S.K.: 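Shown below is the structure under consideration.
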2 protein chains.
Amino acid sequence: MFQKILIAEDMDFINSGIRAELAKLEIKEIDYTQYCDEALLKLKSARLNNAPFDLLISDLSFNKDHTAQKINSGEELIKAVRKEFPDLKIVIFSVEDKMYRIQTLCNEDKINAYVWKSRDGMRELKKALQKIHNSNEFYISPNVAGALSQNEAVEIAEYDIFLLNCLAKGYSQEEISAALKNKNYSPTSMSSVEKRLKSLKEYFNANNVVHLVSISKDLGLI
Amino acid sequence: MFQKILIAEDMDFINSGIRAELAKLEIKEIDYTQYCDEALLKLKSARLNNAPFDLLISDLSFNKDHTAQKINSGEELIKAVRKEFPDLKIVIFSVEDKMYRIQTLCNEDKINAYVWKSRDGMRELKKALQKIHNSNEFYISPNVAGALSQNEAVEIAEYDIFLLNCLAKGYSQEEISAALKNKNYSPTSMSSVEKRLKSLKEYFNANNVVHLVSISKDLGLI
DNA sequence: AAAAACCTTACGGGTTTCCGTAAGGTCTGC
DNA sequence: GCAGACCTTACGGAAACCCGTAAGGTTTTT
């Protein structure tokens, strides 16, 4: 089994749960942190001391608190870790079930397992550790596996996210056009905004822009 | 301290964490369940056996699974428990920070503590147990205490929630009027819908209906 | 180099929403 | 019983959005 595991999880009651259960698996060393910056530091420090971690288990959302952080989310942490440790095995343990975010993590950040924080999340976490330790197979919780089996990934550009965010904030199309100019996006005309919104509505099968924004919130795009 | 505690929490990894930490507090008996129906049954059964629980710690959201339930949420569980056990101390331990839902629980369901599942959630859970055991004082996590200190609670009628849900589903105002007639709400004219939406926008300080729906989702109204 | 394809923008017309006003009905207070 | 307040609805005009078409510029393909 894994010998040295780092847990990056901001909630103390979840940290306790994971540590209590993993302790039963005869894992020699289990360390943990509630902060992303400290997680990266611990990984680096361990490598320098010739006693590297062989697994990182990380949450995705880290609530802000008084401690200023350079790395503000699990996604940022995973990117930073993957850059620095290309071969380290990484398990995401998250409540997130939004298709868009899971796809990005699996396809771009090359995580080794995605475990959904469901009722049987701990049981699945253990299964995932078993599976990825012995092989290079990828593990994903059955309930969210559908996020990856879609024929087409949701490919929404940063431009579109910006549009949707402007809509959600109550901007008119004229104001959206002005905001696009402000941020040096291209194109910026109102006609472009109209056309892009029309195609987004078609893509998501939305009846109108209210529906579009509602769907986007449900999908976790904004 | 409390002698016999029931934990109603659907996630196994959180159950583990809470039990592990509470075991350190010399609480004689800690039972748990992942299902609402079973929670109510356990409370009733214990009373019948003359060995009642003196505390219930419950989550709010319980994901559905294959096991059919009559009670489908923490809110429903709390209502049912409060009806049957008026004096039982109840602590909510939840990730929920939406003002609207917290207000309803505290004002209507008379819970004894609301502990937000934050980074220090476990530490706060312990503080809450200390506080409510010794007295009838109410405990709420500092971070979400603001939800109760608002001068006016958010008082949105069922009619308004219906309106907002229709909007989020992409209905036009004409379609909303028809849906209101269908459900025997009153009033139902398009003019009434216009006027009610106008006043909701004013109430929430929304620029337009897209903004209104976005705010409503953020507040947890829909 | 030229043609074709694609992108951006403007524009006009239709539809929906927004907003205020007015009329009629109901409820409340005197 | 009546006046005043409030609610519901209709309506008209303005504003915003929706949609297709057309023109000009840029990129790609031949």
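Note that the structure is predicted; figures quoted are calculated from it, not measured. Numbered from 1 within each chain, the chains take letters A, B, ... in sequence-line order.
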S.K.: Starting from C1' on C/dT16, measure out to CG on B/Leu167 and report it in whole angstrom.
M.R.: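 Roughly 13 Å, once rounded to whole Å.
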S.K.: What integer distance in Å separates B/Met190:CE from C/dC19:C1'?
M.R.: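 Checked: the CE to C1' distance equals 13 Å.
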S.K.: Look at all strands and tell whether A/Gln173 reaches a base, only sugar-phosphate, or nothing, counting heavy atoms closer than 4.0 Å.
M.R.: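 Answer is sugar-phosphate: A/Gln173 comes under 4.0 Å of backbone atoms only.
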S.K.: Using a heavy-atom cut-off of 4.0 Å across all strands, would you classify B/Lys198 as base, sugar-phosphate, or nothing?
M.R.: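 Touches sugar-phosphate only.
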S.K.: Any side-chain donor paired with an acceptor under 3.5 Å for B/Tyr139 and B/Gln130?
M.R.: no
S.K.: D/dT9 phosphate, OP1 or OP2: any side-chain N/O from B/Ser192 under 4.0 angstrom?
M.R.: yes
S.K.: In this structure, how many angstroms lie between the P atom of D/dC11 and the NZ atom of B/Lys195, rounded?
M.R.: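 So the two atoms are 13 Å apart, to the nearest Å.
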S.K.: More 5' along DNA chain D: B/Thr188 or B/Asn208, using each one's nearest nucleotide?
M.R.: B/Thr188
S.K.: In whole Å, what is the span from the CG atom of B/Leu197 to the P atom of C/dC19?
M.R.: 10 Å
S.K.: Using a heavy-atom cut-off of 4.0 Å across all strands, would you classify A/Ser191 as base, sugar-phosphate, or nothing?
M.R.: base
S.K.: Using a strict cut-off of less than 4.0 Å between a Lys/Arg side-chain nitrogen and an Asp/Glu carboxylate oxygen, indicate whether A/Glu84 and A/Lys79 qualify as a salt bridge.
M.R.: no
S.K.: With a 3.5 Å cut-off and just heavy-atom distances, do the side chain of A/Lys181 and the base of C/dT8 make a donor-acceptor pair?
M.R.: no
S.K.: For residues A/Lys195 and A/Ser199, is any side-chain donor paired with an opposing acceptor at under 3.5 Å?
M.R.: no
S.K.: Using atom OH of B/Tyr171 as one end and atom P of C/dT17 as the other, report the distance to the nearest whole Å.
M.R.: 14 Å
S.K.: Could you state the OH-P distance from B/Tyr185 to D/dC7, rounded to the nearest angstrom?
M.R.: 19 Å
S.K.: Measure from CZ on A/Arg196 to P on D/dC18 and round the result to the nearest Å.
M.R.: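 Atom-to-atom, A/Arg196 to D/dC18, this comes out as 15 Å.
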S.K.: Counting side-chain heavy atoms from CB outward, which of D/dT9, C/dT17, D/dC18 is closest to A/Lys201?
M.R.: D/dC18
S.K.: Can you check the B/His211 NE2 to C/dC18 P distance for me, whole Å?
M.R.: 14 Å
S.K.: If we only count heavy atoms from C-beta on, is the A/Asp59 to A/Phe93 side-chain gap below 4.5 Å?
M.R.: no
S.K.: Checking contacts here: which listed nucleotide (C/dT8, D/dG20, C/dC19) is nearest the side-chain heavy atoms of A/Glu194?
M.R.: D/dG20
S.K.: Test B/Arg119 against A/Asp12 for salt bridge (Lys or Arg N to Asp or Glu O under 4.0 Å), laying out the working first.
M.R.: CA-CA 5 Å; B/Arg119 317 176 145 269; A/Asp12 55 4; over 6 Å; no
